[in-house]
Amino acid sequence: MKPPIRRRPRAADASPSGTDGGVPTLAGVSSAPQPGFSTRAIHAGQDPDPSTGSVVVPVHATSTFAQDGVGGLRAGYEYARTGNPTRTALEECLAALEGAEHARAFASGMAAEDTLLRALLRPGDHMVIPIDAYGGTFRLISKILVDWGVHYSAVDLGDLDAVREAVRPETKVVWCETPTNPLLSIADIGELAGIAHGSGATLVVDNTFASPYLQTPLALGADAVVHSTTKYLGGHSDVVGGAVVTRDAALAEELGRLQNGIGAVPGPFDCFLTLRGIKTLAVRMERHSDNAERVAELLEGHPKISAVLYPGLPGHPGHGVAARQMRRFGGMVSARLTGGDEAARALCANTRVFTLAESLGGVESLIEHPGAMTHASTQGSPLEVSSDLVRLSVGIEDVEDLLADLTEALDKV
Ligand SMILES: Cc1ncc(COP(=O)(O)O)c(C=O)c1O
């Protein structure tokens, strides 16, 4: 009998260790104590509209802003690539959730990553990346940035000695994902910050899988956080977006310059949808975690499953670190099928509640075959994903329906 998943104590607004350090106060809420996570999610950057009283931040569908005389900007806005009030609201909210002063929103997670790496790297620079980075991140670095003279080493970030060995004088960025996509590996953010800073490099954490509700990397020593807001932040599979969040004013200024100069910005309706999703992030993440824990327990005991990858399981190699740096363990579960590639594809084909689709982090459950889908770009590389793997984005449906769906589909494998 396997030991059950250790559920973490639920304090309605308790933050993961150190989370709230340095969080800016809400506009209009200046008195202590610091607002809790959901209060920030619902209100930060979202004061009622001063001209109409609109409680919800309006979709400012405009490309430009009237000036009172040449250069006479009314609220600092001149052209919507440079800035838009709906985007500002999203950026202020994201900064408040990650415990930072600065955030920049982008048209996608990849646009956020590209802009951040252009801010941090120059030809000849080197970066350390996880051996199991998200396939799109790996493609950006290995197939695009290499043409601009960027070098990289792919390392198991769980092996801190290997990270120390990989860092060179020209290493400018240590790129961390935790938990990783799709292997759910865990890296110790505090330890990586020590290694990166010891050699003058910047630690970037892709916090997409955890979301700021479960983990706040800046409080643990990271310099910048990236998000695919397409996932848990948006939360409803209806918008693509990205963000970079930092406490570093100089980096934030450079990001603003590049955001405007490159122009990979989100439209105002995308910002509205993302903000709307963020308001329920805490309750969604609790339910995603509840359901994923049950799914992981079901799969762990199943004869057609050879391994379950979920940091909430006591046997997961990163469980101890995850329990320290995350509030709970999240909604993503990966599993290896005893019957290999054929069985993995059959499982994907036979679920009914879990929809076969790329992406993750929405309210609905999804299943996919990373080796043939999201991570196909890693084929033939050291980051190649084994073909017996399926990835589940466990949604917030009734858990009994999810368990029945997986049980029935496994019967057909
Ligand atoms: C961990 C992670 N980072 C970044 C991205 C890229 O985000 P987007 O698809 O919004 O460009 C993804 C997309 O799946 C992801 O899973």
Side-chain angles (χ1 to χ4, degrees), residues 90 94 98 103-118 127 129-145 154 157 173 175-187 189 204-212 214-215 217 222 224-245 259 262 264-267 270-271 273-274 277-278 285 288 309 311 326 330-334 355-362 366-378 383 385 389-394:
L90 172 61
L94 288 168
E98 287 287 1
R104 291 283 174 182
F106 294 89
S108 68
M110 293 317 304
E113 294 187 14
D114 179 44
T115 307
L116 175 61
L117 289 173
R118 291 196 212 202
M127 56 187 301
I129 65 169
I131 192 84
D132 52 350
Y134 163 61
T137 302
F138 180 63
R139 181 176 52 209
L140 171 68
I141 295 161
S142 67
K143 304 245 164 51
I144 299 173
L145 292 183
L157 296 189
V173 172
W175 187 277
C176 166
E177 234 182 85
T178 183
T180 57
N181 180 2
L183 297 182
L184 281 306
S185 311
I186 298 294
I189 296 171
V204 176
V205 176
D206 183 336
N207 205 25
T208 299
F209 265 40
S211 89
L214 296 182
Q215 173 173 279
V225 165
V226 296
H227 278 286
S228 168
T229 57
T230 316
K231 310 298 173 353
Y232 288 106
L233 283 159
H236 296 75
S237 306
D238 52 10
V239 61
V240 171
V244 182
V245 188
Q259 184 191 42
I262 298 168
V265 293
D270 294 354
C271 296
L273 283 175
T274 308
I278 284 174
M285 293 314 295
H288 281 296
L309 315 181
M326 297 176 75
M332 299 301 299
V333 180
S334 290
T355 301
L356 175 59
E358 300 200 358
S359 201
L360 61 110
L366 302 178
I367 186 168
E368 69 127 358
H369 184 290
M373 295 170 65
T374 49
H375 290 67
S377 64
T378 63
L383 281 78
V385 176
L389 190 79
V390 295
R391 190 190 72 184
L392 302 171
S393 174
V394 181

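Note that the coordinates shown come from a computational prediction; the quantities given were computed from them, not determined experimentally. When a ligand or atom number is given, it counts from 1 through the structure's own listing order. Worth knowing before you read on, the calculation uses all heavy atoms, side chains too, and leaves out hydrogens, waters and symmetry mates.
- There is no side-chain donor-acceptor pair under 3.5 Å between Thr115 and Gln259.
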Per-pair distances, 0.1 Å, donor-acceptor, side chain in residues 134-143, under 3.5 Å, sequence neighbours excluded:
unit_1: Thr137; atom_1: OG1; unit_2: Glu113; atom_2: OE1; d: 2.9
unit_1: Thr137; atom_1: OG1; unit_2: Glu113; atom_2: OE2; d: 3.1
unit_1: Ser142; atom_1: OG; unit_2: Phe138; atom_2: O; d: 2.7

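- Side chains of Glu98 and Asn207: a donor on one and an acceptor on the other come within 3.5 Å.
- Ligand 1 lies under 4.0 Å from heavy atoms of Ser108, Gly109, Met110, Glu113, Tyr134, Glu177, Asn181, Asp206, Thr208, Ser228, Thr230, Lys231, Gly241.
- With sequence neighbours left out, Thr208 forms a side chain to side chain donor-acceptor pair (under 3.5 Å) with Asp206.
- The salt bridge (charged side-chain N to carboxylate O under 4.0 Å, His left out) test applied to Arg104 returns no partner, not counting sequence neighbours.
- Side-chain atoms of His236 do not come within 3.5 Å of backbone N or O of Leu273 as any donor-acceptor pair.
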